[in-house]
Colleague: 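Quick one: structure below, then a few questions.
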Amino acid sequence: AEAARRLAAPMRERLVERGSERLYDEIELPLTAVLAAMEDAGVKIDTYRMGEITARLADRVEELEARAIELAGEEFMLGSTQQVARILFEKLELTPGRKGKTGYSTDTRVLRSIRGEHEIVGVLEEWRELSKLINTYLGPLPSLISESDGRLHTTFNQTVASTGRLSTTNPNLQAIPIRTELGREIRSAFVAEPGCRLISADYSQVELRILAHVSGEPVLREAFARNEDIHARTAAEVLDKDQATLTKDERNIAKMVNFGIIYGISSFGLSENLEIPREQAQEYIDTYLARFPHVQDFIERTIERAERDGHVTTLLGRRRPVPEIRVRNRQTRALGERLAVNSVMQGTAADVIKVAMIRIHDRLREEGRAGRLVLQVHDELLLEAPETETSAVRELVRREMCAAYPLDPPLAVDIGAGDDWNSAKS
DNA sequence: TAACCAAGCCAC
DNA sequence: AAACGTGGCTTGGTTA
Ligand SMILES: Nc1nc2c(ncn2[C@H]2C[C@H](O)[C@@H](COP(=O)(O)OP(=O)(O)OP(=O)(O)O)O2)c(=O)[nH]1
Ligand SMILES: [Mn+2]
Ligand SMILES: [Mn+2]
């Protein structure tokens, strides 16, 4: 306690010197109480639903394991990437792909590319998906439920991510599955108390909007003014499909393409991710950036600033040191350029949602609501509220999230409510 | 036995 | 030679 007391003055001075005093006083410090309340609230888990899924999957996983061993003609550990590589690429002589430090890679993309070569590959793919979900979610989560209130409590870390994002641990409730059908089933086991609803509010295309604002790119701004969905538009272009016929998966691929290109992906990386030729990938990158000339300018200016100052700052004055950008090693320097650009958008998004959280928490208490914040997932807030309050809380949340920081184009939020987290998001 | 690393994969 | 960014968890395999 004595040490903390003596450190206070020098730390305050450092805040002033770095221009981060308001960020600390008006955001980070008040946020601590909000996070404490959220940790304390926790979230309700439908253990019966989880149990049902587990029961269904346990048999299937054993079946897959036995089948894989049968097809391999020997016992091996399906969880050992080294043993899997030996079976696939030495014993069965399938086509090896990329290599890592320890030998041939056996990751999802490699397996997908050799799926047609041997029956065992599909078995391994399904085993990977199921065992991941069982061992990371279905098994551990129910056992972490508190004895005293029957709810699941995470820990929010305010000082881990270098961009200013939050992170959660033990358990990490910011990485609950949603991509696959089975994943969505697991998510639907996150439920509201009887008589309550879960409300999910997620910023729309948040880092793209921030990019449009900070770069001033008119093409991007006008697109948002017309209420366009850039992720969907990219999906339609890249996959050569009608926007109306896109699946969630396809829009998610486009999300990766959009952010990848903005944050400096190479033609190699994009071609790997999209499984297309490098030339085509390079063409995408070129056309994309050419369409948004002000974005290119912004990227260049951000890199120059990072070189000059040794750091970048967000809209609300958060600093990210970028020492990488001044070293001689060109690989490290290139890394520094990419994270300088990324930190501005990711960090600003983190600033913005933190402001919204503080205001929502305060407003709910002022209005005497029972509705409360439960989780934050980077650009999403999950709340739990009595059914009677749902529509009022919904509007309060939308208002505060959109108004947290005025941007051009303005922030937009997708909100839904439901009995569980999955239905609240759809 | 505990601590660490690499690979892999969940999310944003 | 490397080649979007931010995290955390589990596993197998290795070291202290
Ligand atoms: N660099 C990078 N950032 C990502 C990636 N995925 C998500 N993010 C960041 C940027 C997103 O704006 C932000 C929030 O993620 P979301 O899944 O909510 O996507 P976003 O808000 O862009 O679109 P949405 O309209 O909510 O579907 O997280 C990624 O693959 N790479
Ligand atoms: Mn979003
Ligand atoms: Mn989101």
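In what follows, chains are A, B, ... by sequence order, proteins preceding strands, each numbered from 1.
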Colleague: What does V160(A) touch in the nucleic acid at a heavy-atom separation under 4.0 angstrom: a base, only the sugar-phosphate, or nothing?
Modeller: sugar-phosphate
Colleague: Can a donor-acceptor pair be found, under 3.5 Å and without considering hydrogens, that links the side chain of R326(A) to the backbone of E307(A)?
Modeller: yes
Colleague: Between L382(A) (CG) and dC12(B) (C1'), how many Å, whole number?
Modeller: 15 Å
Colleague: Could you tell me from which nucleotide to which nucleotide of DNA chain C, 5' to 3', there is an atom under 4.0 Å from chain A heavy atoms?
Modeller: dA2(C) to dG13(C)
Colleague: For DNA chain C, what residues of residues 281-319 of chain A have any heavy atom nearer than 4.0 Å?
Modeller: none
Colleague: Working to the nearest 0.5 angstrom, can you tell me the gap between E237(A) CD and T234(A) OG1?
Modeller: 6.0 Å
Colleague: Is the closest basic N to carboxylate O distance between E70(A) and R67(A) below 4.0 Å?
Modeller: yes
Colleague: Specify the separation, in whole Å, of atom CH2 of W421(A) and atom P of dA11(B).
Modeller: 11 Å
Colleague: Measure the distance from CZ on F190(A) to P on dA11(B) and round it to the nearest whole Å.
Modeller: 12 Å
Colleague: Need one value for R338(A): base, sugar-phosphate or nothing, where a base atom within 4.0 Å counts as base even if backbone is also close, heavy atoms only.
Modeller: sugar-phosphate
Colleague: Sequence neighbours excluded and cut-off under 3.5 Å, please list the side-chain donor-acceptor pairs for residues 294-301 of chain A, or say none.
Modeller:
none

Colleague: So that I can tick it off, tell me whether E185(A) and R56(A) are bridged by a salt bridge, with the cut-off set at under 4.0 angstrom between side-chain N and carboxylate O.
Modeller: yes
Colleague: Quantified in whole Å, what is the C1' atom distance between nucleotide dC4(C) and nucleotide dC4(B)?
Modeller: 28 Å
Colleague: Any base atoms under 4.0 Å from I261(A), or only sugar-phosphate, or nothing? Heavy atoms, all strands.
Modeller: nothing
Colleague: Taking only Lys NZ, Arg NE, NH1 and NH2, and the carboxylate oxygens of Asp or Glu, determine whether R187(A) and D420(A) approach each other closer than 4.0 Å.
Modeller: no
Colleague: Take atom CD1 of I186(A) and atom P of dC10(B), then tell me their distance rounded to the nearest Å.
Modeller: 10 Å
Colleague: Can you tell me how far P in dA3(C) sits from the matching atom in dA6(B), rounded to whole Å?
Modeller: 14 Å
Colleague: Using only modelled atom types and a 3.5 angstrom limit, is any donor from either the side chain of R179(A) or the base of dC10(B) paired with an acceptor on the other?
Modeller: no
Colleague: Ignoring hydrogens and angles, does a donor from either the side chain of K132(A) or the base of dC9(B) sit under 3.5 Å from an acceptor on the other?
Modeller: yes
Colleague: Taking atom types as modelled and ignoring hydrogens, do the side chains of S167(A) and N157(A) form a donor-acceptor contact shorter than 3.5 angstrom?
Modeller: yes
Colleague: Centres of the F259(A) and H231(A) rings: under 6.0 Å?
Modeller: yes
Colleague: Listed in order of residue number, which residues of residues 62-84 of chain A have a non-hydrogen atom at under 4.0 Å from DNA chain C?
Modeller: M77(A), G79(A), S80(A), Q82(A), Q83(A)
Colleague: At under 4.0 Å between heavy atoms, what does S162(A) touch on the DNA or RNA strands: base, sugar-phosphate, or nothing?
Modeller: sugar-phosphate
Colleague: Specify the separation, in whole Å, of atom CD of E125(A) and atom C1' of dG8(B).
Modeller: 14 Å
Colleague: Closer than 3.5 angstrom, by distance alone: can the side chain of S426(A) be matched with the main-chain N or O of N422(A) as a donor-acceptor pair?
Modeller: yes
Colleague: Grab the CG-P distance between N135(A) and dC10(B) for me, whole Å please.
Modeller: 12 Å
Colleague: Output the rounded distance in Å from CZ (R251(A)) to C1' (dC12(B)).
Modeller: 13 Å
Colleague: Does anything in residues 197-219 of chain A come within less than 4.0 Å of DNA chain C? Heavy atoms only, and list the residues if so.
Modeller: none
Colleague: Strictly below 4.0 Å: does T108(A) bring a side-chain N or O up to OP1 or OP2 of dC9(B)?
Modeller: yes
Colleague: Check this for me: does any side-chain nitrogen of one of K425(A) and D414(A) sit under 4.0 Å from a carboxylate oxygen of the other?
Modeller: no
Colleague: Quick one, which residues of residues 327-335 of chain A touch DNA chain C with a heavy atom under 4.0 Å?
Modeller: Q331(A), L335(A)
Colleague: Look at E125(A) together with R112(A) and state whether they make a salt bridge at an N to O cut-off of under 4.0 Å.
Modeller: no
Colleague: Quick one: does any side-chain atom of T32(A) pair with a main-chain N or O of L29(A) as donor and acceptor, under 3.5 Å?
Modeller: yes
Colleague: Closer than 4.0 angstrom, basic N to acidic O: yes or no for E250(A) and K241(A)?
Modeller: yes
Colleague: Does a donor on one side chain and an acceptor on the other come within less than 3.5 Å for R49(A) and S188(A)?
Modeller: yes
Colleague: Of N170(A) and G264(A), whose nearest nucleotide on DNA chain C comes first from the 5' end?
Modeller: G264(A)
Colleague: Just how far, in rounded Å, is P of dA11(B) from CZ of F156(A)?
Modeller: 18 Å
Colleague: With heavy atoms under 4.0 Å as the rule, sort S343(A) into base, sugar-phosphate or nothing.
Modeller: nothing
Colleague: Could E28(A) and R318(A) be called an ion pair, given the rule that one side-chain N must be under 4.0 Å from one carboxylate O?
Modeller: yes
Colleague: If we ignore hydrogens and angles and just use 3.5 Å, is the side chain of R338(A) paired with the main-chain N or O of Y263(A) as donor and acceptor?
Modeller: no
Colleague: Salt bridge check, R184(A) against E181(A): does any charged N sit closer than 4.0 Å to a carboxylate O?
Modeller: yes
Colleague: Is there a donor-acceptor pair under 3.5 Å between the side chain of H153(A) and the backbone N or O of E39(A)?
Modeller: yes
